[in-house]
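Right, one structure below, let's go through it.
The figures here come from the full heavy-atom set of this structure, side chains too, leaving out hydrogens, waters and symmetry mates. All values derive from a computational prediction rather than experimental measurement. In what follows, chains are A, B, ... by sequence order, proteins preceding strands, each numbered from 1.
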Number of protein chains: 2
Amino acid sequence: MMPLSEKQWQAFSEAFIYREVPKRHLLTAAGSIAREAYFINKGAGRLYFIKDGEEISANFMFEGGFITSLESFLLQIPSRQAVETLEDSELLVLSKERLDALVAQQPVFNLFNKAIAEMAFIMLQRRASSFILDSPEERYNNMLAQRPEILNRVPQHMIASYLGVTPVSLSRIRKRVSG
Amino acid sequence: MMPLSEKQWQAFSEAFIYREVPKRHLLTAAGSIAREAYFINKGAGRLYFIKDGEEISANFMFEGGFITSLESFLLQIPSRQAVETLEDSELLVLSKERLDALVAQQPVFNLFNKAIAEMAFIMLQRRASSFILDSPEERYNNMLAQRPEILNRVPQHMIASYLGVTPVSLSRIRKRVSG
DNA sequence: AGCATTAATTATCTTTTGTTAATGCACAGC
DNA sequence: GCTGTGCATTAACAAAAGATAATTAATGCT
């Protein structure tokens with residue numbers, strides 16, 4: 001799909017910088033511009049909105065995944081969502097600057113950009129559609145089936161907002177489902 | 001942002017084929033592959049899912065907009081959503097085949113692809129976030145503020161599923177809001 | 001270990017939504 | 001112009017979710 005030469009791989013991997021950050025470390029604040037994207041080598045992160053002072057979780061990511069406020073990173077506009085770690089994490093940091101330089105040098109990396117945007121779109125569409133297609137209880141069951149690590153590694157009040165309900169309501173759903 | 005030569009513009013515009021289709025004409029069936037994308041010159045269209053035999057509207061588009069099942073069009077995989085016209089429409093049809101040929105000839109058009117994917121992502125993110133951030137009533141008000149043409153041109157039972165509620169509930173929301 | 005803080009569950013009550021059914025309206029087709 | 005079909009509204013009841021508060025469980029910190 002995207003064959004790279006030895007040289008290109010090297011340039012690509014050298015664009016990333018290793019960084020360790022502690023639990024609950026803010027990577028991108030809401031309103032600021034996401035100048036970096038993060039590959040999670042170890043640990044966990046989340047994206048969240050802030051509404052009326054409340055944090056509303058938009059997504060969670062674990063090792064093997066990329067995390068950033070994508071619209072802000074792609075367009076370099078102020079981010080509507082914040083990014084933070086949930087656990088002590090090892091990150092491979094890719095700055096927008098370096099990515100742009102990479103793309104300028106090697107246009108092949110446009111394909112990388114494109115692939116990221118497409119993948120993100122499809123993931124998001126799956127998630128968005130679940131809100132018009134499924135009830136909160138169905139969304140909870142789907143989450144268990146498709147992303148069980150969320151339940152094990154994310155506090156429930158964060159999962160609640162991710163599912164679009166209150167923590168109290170999530171607790172009741174859990175009781176209904178298990179009981 | 002994407003400067004094109006005279007020649008490129010010509011090649012681009014020639015890739016589109018004019019087509020008139022009547023109201024409620026199915027452009028892409030759920031489960032089939034979207035081989036075309038549509039620029040709406042006149043008329044209106046919608047994307048919808050089918051769940052338990054029910055049609056659930058995912059989005060509406062009017063003149064000046066593009067419509068297609070994007071994930072299916074981009075990746076040429078079976079579409080989870082159907083596409084149809086809501087009014088008699090004049091469409092400018094771009095087949096995936098022609099777009100690919102265009103991109104192969106003129107790599108500049110990769111930027112077109114990228115721009116489409118990014119824009120679609122951002123639109124979708126705005127919509128997805130409204131489900132975790134806002135109540136159905138707030139979503140209705142936001143729709144009125146941001147896309148008032150929907151209310152004027154789309155039947156309310158379709159708007160209801162678009163907002164994630166039943167037609168009965170939408171009717172009550174409307175009464176609350178206006179009364 | 002002990003204390004303080006935060007999270008999760010449970011309870012109670014209110015509000016909203018879903019469901020089903022009935023009514024009134026509008027529009028399409030004859 | 002009539003008639004039938006489908007759509008929006010209203011009503012009545014059931015189910016689910018929000019809000020608030022109290023209790024229990026877990027976690028963090030010194």
Residue-phosphate contact under 4.0 Å: B/His157 side-chain N/O, D/dA8 OP1/OP2:
yes
Contact list for DNA chain C against residues 159-169 of chain B - heavy-atom distance below 4.0 Å
B/Gly164, B/Val165, B/Thr166, B/Val168, B/Ser169
Starting at CD of B/Glu87 and ending at P of C/dC27, how long is that distance when rounded to a whole Å?
15 Å
Contact list for DNA chain C against residues 140-152 of chain B - heavy-atom distance below 4.0 Å
none
How close or far is atom P of D/dA25 from atom NZ of A/Lys175, stated in whole angstroms?
14 Å
Specify the angle, to 10°, made by the local axes at the two ends of the helix from C/dA1-D/dT30 to C/dC30-D/dG1 when five pairs are taken at each end.
60°
Heavy-atom neighbours of B/Met119 CE exceed 12 at 6.0 Å:
no
Provide, to the nearest angstrom, the distance between the CZ atom belonging to B/Arg176 and the P atom belonging to D/dT9.
13 Å
Report all interatomic pairs (protein N or O, nucleotide N or O of nucleotides 26-29 of chain D) with separations under 3.5 Å.
| unit_1 | atom_1 | unit_2 | atom_2 | d |
| --- | --- | --- | --- | --- |
| D/dG28 | OP1 | A/Lys23 | NZ | 3.3 |

Of all residues at least two apart in sequence or in a different chain, which pass the ring-ring contact (aromatic ring centres under 6.0 Å, His included) check with A/Phe66?
A/Phe39
For nucleotides 13-15 of chain C, give me every protein contact, N/O to N/O, under 3.5 Å, one pair per line with atom names.
none

Does OP1 or OP2 of D/dA8 have a side-chain N or O of B/Arg174 closer than 4.0 Å?
no
